[in-house]
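Since the structure comes first, as structure tokens, the remarks are kept for the end.
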Amino acid sequence: METRPAVTIGRVGFQGWAADAIDFYDGLEEDNSKAYWAAHKTTYEHAVRRPMEELLEELADRLGPGRIFRPYRDVRFSADKSPYKTAMAAAIGDGGYVQLSAAGLAAGRGMYMMAPDQLQRYRQAVDGPAGAEIVPVVAAIRDAGIEITAHGRLKTAPRGYPKDHSRINLLCLKGLIAWQQWPAGAWLATPAAKKRLVEFFDRAQPLQDWLNAHVGDSENGT
């Protein structure tokens with residue numbers, strides 16, 4: 001079994017997430033309770049949240065400001081009343097997303113779930129001349145071992161578009177993001193974690209640029 005370093009005392013800047021962070025989420029998946037959270041809150045603050053804050057601060061000049069999401073689940077309309085999310089997530093810059101869980105590290109970039117007006121502009125762009133631009137962008141990202149996905153996809157062509165459209169796979173998506181995951185390992189407790197994220201965001205930049213140019217923010221405030 002691979003040995004992962006424990007929390008480093010007196011760290012300066014982002015040094016990765018130590019074994020304690022993964023152990024915290026392993027435990028939370030087994031005991032998602034307020035009692036577990038209270039007993040391990042110090043571990044969460046120092047081994048999980050603090051490195052994420054350091055990472056976002058160091059990436060801000062390159063990608064833009066970041067924001068860590070709340071760790072609490074919205075259980076109002078859910079049959080699952082588990083109070084806490086089993087992953088820490090943060091939004092960063094323009095369409096960026098970072099997630100840490102017991103499984104390891106993950107990152108996304110793009111527009112995961114589009115509002116109706118965004119989806120309309122997206123499909124119009126894919127169908128039109130701009131669609132020829134996004135095809136090689138998506139191909140290059142996939143060739144780098146990065147997944148292209150979205151919140152969901154239609155089982156058939158959107159209304160008004162032929163089923164044999166040359167870009168039907170893109171037209172059926174309800175969003176468009178690049179997504180990559182890395183299993184937990186000793187590398188996660190080193191600055192290599194930041195390096196992997198930077199490389200991912202750089203590779204996904206052309207996709208984000210295309211979305212910004214042809215889709216943009218929702219005009220309905222969604």
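It should be emphasised that the depicted structure is a prediction, and the values quoted were computed from it without experimental measurement. For the single chain, residues carry numbers from 1 onward in sequence order.
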Side-chain touch Tyr44/Tyr25, heavy atoms, less than 4.5 angstrom: yes
Flag side-chain contact, heavy atom, 4.5 Å: Phe24 against Leu100: no
SB check Lys41 Glu45 (cutoff 4.0 Å): no
Check against side chain to side chain contact (heavy atoms under 4.5 Å, CB included), Trp210 and Val138: CA-CA 11 Å; Trp210 186 91; Val138 166; over 6 Å; no
Student check: side-chain heavy atoms of Leu105 and Trp187 closer than 4.5 Å: yes
Side chain to side chain contact (heavy atoms under 4.5 Å, CB included) between Ile177 and Glu147, intermediate numbers included: CA-CA 8 Å; Ile177 67 162; Glu147 182 182 2; over 6 Å; no
Trace of the side chain to side chain contact (heavy atoms under 4.5 Å, CB included) decision for Phe200 with Val98: CA-CA 11 Å; Phe200 165 81; Val98 179; over 6 Å; no
Donor-acceptor under 3.5 Å (Gln208 side chain, Gly110 main chain): yes
Any Leu154 side-chain heavy atom under 4.5 Å of Lys174 side chain: yes
Asn32 side chain reached by Pro83 side chain, heavy atoms, under 4.5 Å: yes
Trp182 (side chain) donor-acceptor with Ala193 (main chain) under 3.5 angstrom: no
Sidechain-backbone polar pair: Arg123 side chain, Leu171 backbone, donor-acceptor under 3.5 Å: yes
Parallel, tilted or perpendicular: rings of Tyr97 and Trp179 (30°, 60°): tilted
Contact check, side chains of Asn169 and Leu173, non-hydrogen atoms, under 4.5 Å: no
Salt bridge (charged side-chain N to carboxylate O under 4.0 Å, His left out) pairs, two or more places apart, involving residues 57-81: Glu58-Lys194, Arg62-Asp202, Arg73-Asp80, Asp74-Arg76
Test item: Lys163 and Ile168 side chains (from C-beta on) under 4.5 Å apart, heavy atoms: no
Side-chain donor/acceptor of Arg167 to backbone N/O of Gly128, under 3.5 Å: yes
